[in-house]
Amino acid sequence: MPDPVRVRFAPSPTGALHVGGARTAVYNWAFARRHGGVFVLRIDDTDPGRSTTENTAQILRSLEWLGLDWDEGPEVGGPFGPYFQTQRSGNYATALERMKANGTAYPCFCSMEHLESRRAVARAAGGDPGYDRTCRRLDPADAAQRVEAGEPHVWRLAVPAGRGDIVVRDAVRGETVFPAEAMDDFILVRGDGTPTYNFATVVDDADMQISHIIRGDDHLSNTPRQILVYEALGRPVPLFAHLSMIWGADGKKLSKRHGATSVEAFREEGYLPEALLNYLALLGWSLDGETTIVPAEVLKRQFSLDRISKSPAVFDFEKLDWMNGVYIRDVPPETFAARMVPWLEAAGLANPGDLEARPEWYVALAPLVRERAKRMTDIAPMVAFLFTDHVALEPSATSRVLGREGAGRVLAAAHDALSSLKTWTAATVEETLRTLPESLQTKAKTVFQVARVAVTGSMVSLPLFESIALLGRERTLARLEVARSATTH
RNA sequence: GGCCCGUUCGUCUAGCGGUUAGGACAUCGCCCUCUCACGGCGAAGAUCAUGGGUUCGAAUCCCGUACGGGCUACCA
């Protein structure tokens, strides 16, 4: 690797952080960490109409939530600030001055209307719609005078005559060659004095001494133009890595139609940041083709640009769900208890302070839900029966299980046996209930299923004995009694 | 229109001249088991987009074609 690795993620705050952008951020971050480099966060807020401070704040939150810490940028500052493009206009002006001085930029007085109509004509005729360089042929002194006089103008890049092919060195695609003739003299600075994207981004990347540019595929075609700017500025051209797009299941660019797309939405839907990070990392990159669980720590040590795949990847929500389950199961019970409570509060089950009031109860519950939840939002429905005095018996469970021959006897016997239990734990509850099948002359499964419906209200639940232990003696006995009276046999 | 990029099981991918084309998710069986889930074992699933080359030998290298995508803006 060339000297100091400095990479940047430069979102434009025109919306929330999208998973595509998040993946780009992950790769930049991982690459910086892997090489002991610097991860810069820059806000490309040059679109005044659509950029908002709310969006910026949310993007920062999403990045933090994912665990992507930046070394330079908003909130932390750094030696190359400010890190908002709208605050760097001086840099663009300086860069433009340099280009004016060395003749790589020239003023253009063509009106937008004129350009548009010319473009339309050229396109209709099947010709080149690029700028025809009318103003490049103006006498320099003349042009300077018109600028001085205040005539409306933009500044264009003068593509060097006779410039050979422009080759983009890309870590993902190898060397891509663009014929220089295909480049027109694009605009650097608009009529209102603001820089265009291709100009601002290069000035910033050069000023911030960015060594590697890892970004979306959609910028590949713009890269030769940007290389021309680097050259005009006399700055070294960084190495590139262009990432292919993320698609929805229909092969179209991922959008809201496909479900959650913002990092914020994934958070709300119960995904763990470590799982989303892992999933995103693997969407277009692989460690070795075998390993699927790649936590941040491994990513920081093993990420490499040469294992990024070239083709677009379809976002697979089912695989994310599986991976989220893997990470959920990996959280230690104590930690899991703390992480699950906010979701219970949101569902109206737990209240602030509950965890502190009986931590051991929540820690005992944690392993039970942990291995059954794919998302944190799965938890509340699973445990709701533990947070109410009167459980609602599901009609189908009632008719199929409690309506069964002998159900009443089972419930009565269970009530009997449990009411005399001295120590109320999952182990003692199990021991007690396991004696029933024999004395009742029924199968163990039948006994447990009847008890399950009575206690949890459902045919599918957390493990019975543990559930009863967590529910407590009073509520359990009450439910067995209620269910027995609802029994027809 | 021009210029670029991409194409291996349904999906994410491994592969970088010689493999029975490997793994993961999803699917389907079986096992474990108080239900569900977890876990274990196994099955099915890819004429490597396609047509030509190069080579003793091609998923791997070259060219064309098809399909998809990007750029070609005083958007980013």
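Atom CG in A:N324 sits about 13 Å away from atom P in B:A26, given to the nearest Å. Computed from coordinates, the A:E290 CD to B:C25 P distance equals 12 Å when rounded to whole Å. Separating the CD1 atom of A:I293 from the P atom of B:C38 is a distance of 14 Å, rounded to the nearest angstrom. Rounded to an integer number of Å, the gap from A:D288 CG to B:G23 P is 13 Å. Atom CZ in A:R225 sits roughly 14 Å away from atom C1' in B:A76 (whole-Å rounding). Rounded to whole angstrom, the span from the NZ atom of A:K443 across to the P atom of B:U33 amounts to 16 Å. Taking atom NE2 of A:H242 as the reference point, atom C1' of B:C3 lies 15 Å away to the nearest angstrom. Summarising the geometry, the separation between CG on A:N198 and C1' on B:G70 is reported as 14 Å, rounded to the nearest angstrom.
Looking at the side chain of A:D184, the nearest of the listed nucleotides B:A76, B:C36, B:A73 is B:A73. The side chain of A:D316 has B:C25 as its nearest neighbour among B:C34, B:C36, B:C25. Taking every side-chain heavy atom of A:F448 into account, B:C34 is the closest of B:C34, B:C74, B:G70. In the set B:U35, B:A73, B:A26, B:A26 carries the atom at the smallest distance from any side-chain atom of A:W322. Out of B:C34, B:C38, B:G23, the shortest distance to the side chain of A:K319 is found at B:G23.
Toward the 5' end of RNA chain B, the nearer of the two residues A:V189 and A:S461, judged by each one's closest nucleotide, is A:S461. Mapped onto RNA chain B by nearest heavy atom, A:G284 and A:C110 fall at different nucleotides, with A:G284 at the one closer to the 5' end.
Using atom P as the reference point in both B:G10 and B:A73, the two lie 40 Å apart (nearest Å). On the C1' atoms, B:A46 is 13 Å away from B:U11, given to the nearest whole Å. As rounded to the nearest Å, B:G29 and B:A44 have P atoms that lie 15 Å from one another. B:C62 and B:U54 have their P atoms separated by 15 Å, given to the nearest Å. For B:C48 and B:A58, the C1' atoms lie 11 Å apart once the distance is rounded to whole Å. Separating the C1' atom of B:G22 from that of B:U60 is a span of 16 Å, rounded to the nearest Å. The same atom, P, is picked in B:G53 and in B:G68; the two are 28 Å apart, to the nearest Å. Rounded to whole Å, the separation between the P atoms of B:A59 and B:A49 comes to 10 Å.
Regarding contacts with the backbone of B:A73, every side-chain N or O of A:R156 stays at 4.0 angstrom or more from both OP1 and OP2. Considering only side-chain N and O atoms, A:K445 lies under 4.0 angstrom from the phosphate OP1 or OP2 of B:U35. Taking 4.0 angstrom as the limit, A:S309 places a side-chain polar atom (N or O) nearer than this to OP1 or OP2 of B:U13. OP1 or OP2 of B:A73 sits under 4.0 Å from a side-chain N or O of A:R119. In terms of phosphate contacts, A:T46 brings a side-chain nitrogen or oxygen within less than 4.0 Å of OP1 or OP2 of B:A76. In this structure, A:R370 does not reach the B:G39 phosphate: none of its side-chain N or O atoms is under 4.0 Å from OP1 or OP2. Taking side-chain N and O atoms only, A:S286 has a distance below 4.0 Å to OP1 or OP2 of B:A14. Dashed line: the shortest gap from a side-chain N or O of A:R329 to OP1 or OP2 of B:G39 is under 4.0 Å.
Nearest heavy atom pair, residue A:H114 against residue A:S117, reads O-OG, 3.0 Å.
Ion pair A:R133/A:D185 flagged as a salt bridge, since at least one NZ, NE, NH1 or NH2 atom sits closer than 4.0 Å to an Asp/Glu carboxylate oxygen. For the pair A:R372 and A:E466, the salt-bridge criterion is not met [side-chain N within less than 4.0 Å of a carboxylate O]. Between A:D205 and A:R8, at least one side-chain N (NZ, or NE/NH1/NH2) sits under 4.0 Å from a carboxylate O, which counts as a salt bridge.
B:A59: no Watson-Crick or G-U partner with both key distances under 3.5 Å is found in any strand. Using the Watson-Crick or G-U wobble rule with both distances under 3.5 Å, B:G45 pairs with nothing in any strand shown. With both pairing distances under 3.5 Å, B:C67 is matched to B:G6 as a Watson-Crick or G-U wobble pair. Checking B:G1 for Watson-Crick or G-U wobble geometry (two distances, each under 3.5 Å) identifies B:U72 as its partner. Of all nucleotides present, only B:U11 satisfies the Watson-Crick or G-U wobble test against B:A24, with each distance under 3.5 Å.
No contact: A:A444 has no heavy atom under 4.0 Å from any strand. The residue A:N222 sits close to a base: some heavy atom pair falls under 4.0 Å. Among the atoms of the strands shown, only primed sugar atoms or phosphate atoms (P, OP1, OP2) are found under 4.0 Å from some heavy atom of A:L282. Using a 4.0 Å heavy-atom criterion, one finds that A:F315 contacts no nucleic acid atom at all. A:L320 comes within 4.0 angstrom of no nucleic acid atom, judged by non-hydrogen atoms across all strands. Among the heavy atoms of the strands lying under 4.0 Å from A:V177 are primed sugar atoms or P, OP1, OP2 only; no base atom is included. Note on A:E466: a base of the nucleic acid sits closer than 4.0 angstrom, heavy atoms only. Residue A:W247 is classed as a sugar-phosphate contact, given heavy-atom separations below 4.0 Å to backbone atoms only. Among the protein residues, A:P179 comes within range of the sugar-phosphate backbone only, with heavy atoms under 4.0 Å from sugar or phosphate atoms but none that close to a base. Using a 4.0 Å heavy-atom cutoff across all strands shown, A:P463 reaches at least one base atom of the nucleic acid. Residue contacts shown for A:L283 are limited to sugar-phosphate atoms, with no base heavy atom under 4.0 Å away. Looking at heavy-atom distances under 4.0 Å, A:V314 makes contact with sugar-phosphate atoms alone, never a base. Nucleic acid contact class of A:F178 (heavy atoms, under 4.0 Å, all strands): sugar-phosphate only. Among the protein residues, A:R307 comes within range of the sugar-phosphate backbone only, with heavy atoms under 4.0 Å from sugar or phosphate atoms but none that close to a base.
Side-chain to base pairing of A:S311 with B:G6: no donor and acceptor N or O lie closer than 3.5 Å to each other. One donor-acceptor pair, N or O on each side, does fall under 3.5 Å between the base of B:C36 and the side chain of A:R372. A donor-acceptor contact under 3.5 angstrom links the side-chain atoms of A:R452 to the base of B:C34.
Between the side chain of A:W285 and the backbone N or O of A:S304 there is at least one donor-acceptor pair closer than 3.5 Å.
For A:Y27 and A:H212, the ring centers sit 6.0 Å or farther from each other.
A perpendicular orientation is assigned to the rings of A:F31 and A:F303, their planes being inclined by more than 60° (bins at 30° and 60°). Relative ring orientation between A:Y362 and A:F387 is described as tilted, the plane-to-plane angle lying within the 30° to 60° band. Between A:Y279 and A:F315, the ring-plane angle classifies as perpendicular under the 30° and 60° cut-offs. The aromatic rings of A:F199 and A:Y92 are tilted relative to each other, their planes meeting at an angle between 30° and 60°.
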